[in-house]
Amino acid sequence: MRAAGEPIIDLTLSNPTRAGFDYPADLLAPLADPHALMYDPRPFGSIDARRAVARDYERRGLDISPDRLVLTASTSDAYSLLFKLLADPGDEILVPRPSYPLFDHLTQLDAVGVRPYDLDYHGAWTIDFATVERALSDRTRAILIVSPNNPTGSFVTADELDRLATLCASRNAGDAIALIADEVFADYELEPGAARAAGRVSSRRDVLSFALGGLSKSVGLPQVKLGWIAAAGPDTIVDAALARLELICDTYLSVSTPAQVAAARLLERGAAVRTQIAGRVGTNYRQLASLSAASSCTCRRAEGGWYGVLQVPSLEPEEDLVVRLLIKDGVLTHPGYFFDFHHESFLVVSLLTPEAAFADGVRRILRHFDCNASDAASGVAPQEAKE
Ligand SMILES: Cc1ncc(COP(=O)(O)O)c(C=O)c1O
């Protein structure tokens, strides 16, 4: 359809740099700072850049020492470093389901096995602890959480985190399990107060924990390639883990010097982009909820993140539905099975889409299921919405 020049409303757009935000033209000027002409590699990154990341955590009310911060080229890079640190080939990592599809590749590329545990929906998403316990084995080395999760938008609660930490801490030292929390979307609340109410691993003292973040989501700059790991837990265990992680990081030295030199200014200036993204994902989520309210489709409650989940009538396989929506209605969505939803039918839509196109795309989806109530509610005639 693209090759034929047919218009498509792309509700899968997840690249913030292509979503029509107003990036200041000189936003990346700090990357040209002449200080970056000097190469002075440090395994965990320069102390100035790590201090800048620590200051950024203060903005979220979290007190993290720069000594416990490790810079990475991206969150994917951070995962790979941590899998090397925590697991031998054939060891296992527990990952949430539904969640981010990249975990299969990220684990396989480090020869690590992956075992899912379930998130269940009862008006809000919660961890099904019976599935966590079933997934644990002698070879489990880490439990991964994504908070807020992609695509469910659920934050891990403080209670859930305590229960996970108890499971990890119940193991003997030789079989220890760490917590890895992907918090890349933590700046984007869809429910006010959700982020502050969530459980945060960076304040844990009882179990070796790693929180992951990065510029790619927090200031909408994935191309700069700067992420970080914040380590927490019992001091002696954290110190031993960081000593080993230092060797791994020193082997790759994957973070560019210009990105480190620019880190403080990018974090500060990028706030302007973050504010725009936060405004848009909030508006689109509210649109999704209100447009679908009077339809046979249900918007699943989300507390944060960049995605919306629509449960839709299960009239045909998701794959066929998504193709039909594209060909017949001109809307591109992701099927739930990409994210391992337990059953069909779900559509995942990106809340990053510009507002007018988002509302148009959602109306087309609802109309596909003959949910004309949404158009009546918004006062837009179906044909106008289509145009
Ligand atoms: C949950 C989650 N973690 C990490 C990433 C990627 O982050 P990075 O660009 O820092 O590798 C994404 C990208 O969509 C994501 O959804």
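If you read the sequence from its start, that first residue is 1, and numbering goes on from there. Indexing begins at 1, ligand by ligand and atom by atom, following the structure's order.
Relative ring orientation between His343 and Phe346 is described as tilted, the plane-to-plane angle lying within the 30° to 60° band. The aromatic rings of His334 and Phe338 sit tilted, their planes meeting at an angle between 30° and 60°.
The pair Glu183-Arg200 meets the salt-bridge criterion, since a charged nitrogen lies less than 4.0 angstrom from a carboxylate oxygen. For Asp77 and Lys225, the salt-bridge test fails: no basic side-chain N is under 4.0 Å from an acidic carboxylate O.
Nearest protein heavy-atom contact of atom 8 (P) of ligand 1 is Thr75 OG1, 3.4 Å. When hydrogens are left out, the protein atom nearest atom 4 (C) of ligand 1 is Asp182 OD2, 3.5 Å; that is the closest non-hydrogen contact. The nearest protein atom to atom 14 (O) of ligand 1, hydrogens excluded, is given as Lys217 NZ, 3.1 Å; this is a heavy-atom distance. Nearest protein neighbour of atom 9 (O) of ligand 1, counting heavy atoms only, is Ser216 OG, 3.0 Å. The closest protein non-hydrogen atom to atom 16 (O) of ligand 1 is Asn150 ND2, 2.8 Å. Residue, atom and distance of the protein heavy atom nearest to atom 6 (C) of ligand 1 are Tyr100 OH, 3.4 Å.
At least one heavy atom of Phe185 sits less than 4.0 Å from an atom of ligand 1. The closest approach between a heavy atom of Gly227 and any atom of ligand 1 is not below 4.0 Å.
Annotation for Arg324: atom CZ does not count as buried by contact number, only 12 or fewer foreign heavy atoms lying within 6.0 Å.
Short contacts between ligand 1 and Val146, defined as distances under 4.0 Å to a heavy atom of the residue, involve ligand atoms 1 (C).
With no hydrogens or angles considered, no side-chain donor-acceptor pair links Asp110 and Tyr79 at under 3.5 Å.
On a distance-only criterion, Tyr79 and ligand 1 share no N/O pair closer than 3.5 Å.
Here Tyr100 and Phe103 bring their ring centres to under 6.0 angstrom of each other.
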